[in-house]
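Here the structure is a predicted model, which means the values were calculated and not measured.
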Amino acid sequence: NQCIAGATYFNLTLGGTGVKTLCGDIQVNGDINFISAVTLSTDAANSYDIISQGNWSGTGSFQVNSSTVSFTGSLAQVISTGGLIFNDVAVNKASNNVQLNQAVTVNGQLTLTSGDVVLSGSNLTMGSTSVISGGDASSYIQTTGAGQVIKSFNSLGIQSFPVGDASVYTPVSVNLSAGTLSGAQLRVRVVNAAEPNLTNPAISRYWIVDQSGITSPTYTISYTYDNSDLDMGSTDETNWRPAKWNGSVATTGSLDDLDDATNTVTWAGQTSFSNFSVASDIPLPIELLDFAGYREGSSNVLQWITATELNNDYFDVQRSKDGVEFRSLGRVKGAGTTTQRREYEFVDENPYATKNYYRLKQVDFDGHSTYSKTILLNASEPEPLSAKATPNPATGDDLAVVIRGAQEDELVQVSVADLSGKIVLQGEVRASCLVNTAQLKPQAIAAGTYIITVKQGYKTANTRLIVVK
């Protein structure tokens, strides 16, 4: 066993055997690296604190006692040491974020002041006596992948989740007024996309709220969307209402449950946990499954897919330098009224040299129009790997996984796993262009929720799939 003197260190490397015990508060301006399976203790009698400005890596254990670990580095900080259990954690960074590459547990207070906690594919578990302090647009928890915020609790009341995606803060809270608790947990993440099972989704965002250990719950849920989510076509929020999908049925609340002045939904009387979002009373003229683009030589290729169309005369393809002022590039004829899937393409042969913002203006035969979301093509940045399942929900027929951003002539692995992580279906496709499709056959998969993962080299992307029978 060894004593670690209270001091400021450049890097802290822990090796050998036994327990390495703090003998005073320390600041590590670089990385904390476990090069063997040793234990770092903050000293049970004194609970010395750690200021960390770098990464945590390697395999070891942490006896945290009642100490505080503060993440204050100006560079991005990554936690790659598995199984870390903290007491109090403070995130107060001048710039950049803290990213979890392994699951982390906080049993004390998580204080969010500046800088985000990025979950990626790893979970952040808050213990039953833990609290989250702070949380706003300058510091929140990014649920950018399959990772969830898991909150354990043992009494009724409000559980708040300061979550968002890589761009915006969109928190959710659950006020549990009734229910029997036994090892109760709430699991939350937010998805920056329209809930695929709603007939008339009004926003491109939904919140996945799940539970365990709660019997006969009654609760009020509150969630806040951002103005950037208003990209589904209809922007008349007076006709919007809360909506949810419980895995088999979509239901909606009252118009009075949505405050369009604050973009906040407050929906009382909930008795089951679901995917929550916002729906419009006005059917959209098209159901747009996908709209994306890629660079090909000196041109930009735009592609979009519709599931249904209602009185759709044409699409006006528009471009902007700044995402504010748009000009028309050309028209693509629509399919009128159809329930068949349609694919469209438009080539911009003279794009701007750097950033190009694109959107679609959909025009009905009667002249009414709606707008798609805006996408950005940056000539200096490659498109990230992404995946989208269609149809979703799948019913047992052929399933297409649309893959974007894959390196041409390289294999892409595709797998489908249940929520326990068991792979139930897998395949691969050789990328022939930037947009590729993997065909899978889900006939043998039971009804339920699954995670589709696509991998190519070091790049990974995930998307959710619902199978109904």
Side-chain angles (χ1 to χ4, degrees), residues 121 143-148 165 189-199 201 204-208 210 232 245-250 274-275 277 286-292 294 303-308 339-344 372-373 375 383-406 411-456 459-469:
T143 59
T144 55
Q148 301 172 310
D165 61 21
R189 70 185 181 98
V190 61
V191 180
N192 183 23
E195 214 300 329
N197 305 288
L198 298 181
T199 303
S204 57
R205 185 171 303 272
Y206 63 99
W207 293 257
I208 301 174
D210 200 1
M232 298 301 295
W245 170 260
N246 67 3
S248 58
V249 177
S274 312
N275 294 354
S277 190
I286 63 168
E287 182 182 351
L288 190 64
L289 292 178
D290 191 31
F291 175 40
Y294 61 94
Q303 296 177 331
W304 62 99
I305 304 171
T306 63
T308 61
T339 58
Q340 300 298 310
R341 168 189 165 114
R342 298 291 177 126
E343 298 183 4
Y344 296 91
S372 73
K373 67 178 182 180
I375 64 172
E383 181 176 6
L385 188 67
S386 65
K388 184 170 186 175
T390 181
N392 194 3
T395 59
D397 298 326
D398 289 348
L399 169 68
V401 181
V402 180
I403 303 166
R404 297 184 178 276
L411 286 175
V412 180
Q413 283 76 43
V414 183
S415 63
V416 181
D418 61 22
L419 295 184
S420 72
K422 179 182 178 182
I423 295 177
V424 297
L425 194 64
Q426 58 186 345
E428 63 182 20
V429 61
R430 183 171 294 277
S432 59
C433 56
L434 197 62
V435 182
N436 301 270
T437 301
Q439 298 290 341
L440 302 177
K441 296 184 179 296
Q443 289 91 335
I445 300 179
T449 302
Y450 298 86
I451 300 297
I452 298 176
T453 301
V454 298
K455 294 183 178 180
Q456 187 186 58
K459 297 194 294 185
T460 301
N462 298 290
T463 189
R464 189 174 62 97
L465 169 69
I466 294 176
V467 176
V468 296
K469 299 291 186 177

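- What you find for Leu288 and Ser372 is that their closest heavy atoms are CD2-CB, 3.8 Å.
- Inter-residue side-chain proximity for Thr460 and Thr453 is flagged as met; some heavy-atom pair is nearer than 4.5 Å.
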> What's the verdict on side chain to side chain contact (heavy atoms under 4.5 Å, CB included) for Ile466 and Asn197, showing C-alpha distance, side-chain angles and the deciding distance?
Replying inline: CA-CA 9 Å; Ile466 294 176; Asn197 305 288; 3.2 Å; yes

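- Contact check for Arg404 versus Ser386: side-chain heavy atoms found under the 4.5 Å cut-off.
- Note that the NZ atom of Lys422 and the OH atom of Tyr450 stand 9.5 Å from one another [nearest 0.5 Å].
- Atom NZ of Lys459 sits in a crowded spot, with more than 12 heavy atoms from other residues, nucleotides or ligands closer than 6.0 Å.
- How far CD of Gln456 is from CZ of Arg430: 10.0 Å, rounded to the nearest 0.5 Å.
- Using a 30° and 60° split on the angle between ring planes, Trp304 and Tyr344 fall in the parallel class, below 30°.
- The shortest heavy-atom contact between Trp245 and Pro393 is CZ2-CG, 4.5 Å.
- Between the Ser415 side chain and the Gln426 main chain, no donor and acceptor come within less than 3.5 Å of each other.
- Note that OG1 of Thr308 and CZ of Arg341 are 12.5 Å apart. Values are rounded to the nearest 0.5 Å.
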> Stepwise, does the side chain to side chain contact (heavy atoms under 4.5 Å, CB included) test hold for Val414 with Ile403?
Replying inline: CA-CA 10 Å; Val414 183; Ile403 303 166; 3.9 Å; yes

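- Panel note: side chain Asn392, backbone Arg464; a donor-acceptor pair is recorded below 3.5 Å.
- Distance check, rounded to the nearest 0.5 Å: CD1 of Ile452 to CG of Leu465 gives 4.5 Å.
- What you find for Asn192 and Ser204 is that their closest heavy atoms are OD1-O, 3.2 Å.
- Side chain of Ser277 to backbone of Arg205: a donor-acceptor contact under 3.5 angstrom is found.
- Here Ser274 contributes atom OG and Ile208 contributes atom CD1; the two are 11.0 Å apart, rounded to the nearest 0.5 Å.
- Going from atom OG1 of Thr449 over to atom CG of Asn275 covers 7.5 Å, rounded to the nearest 0.5 Å.
- The closest side-chain heavy-atom distance from Val454 to Val401 is below 4.5 Å.
- For the pair Arg189 (side chain) and Gly145 (backbone), a donor-acceptor distance under 3.5 Å is present.
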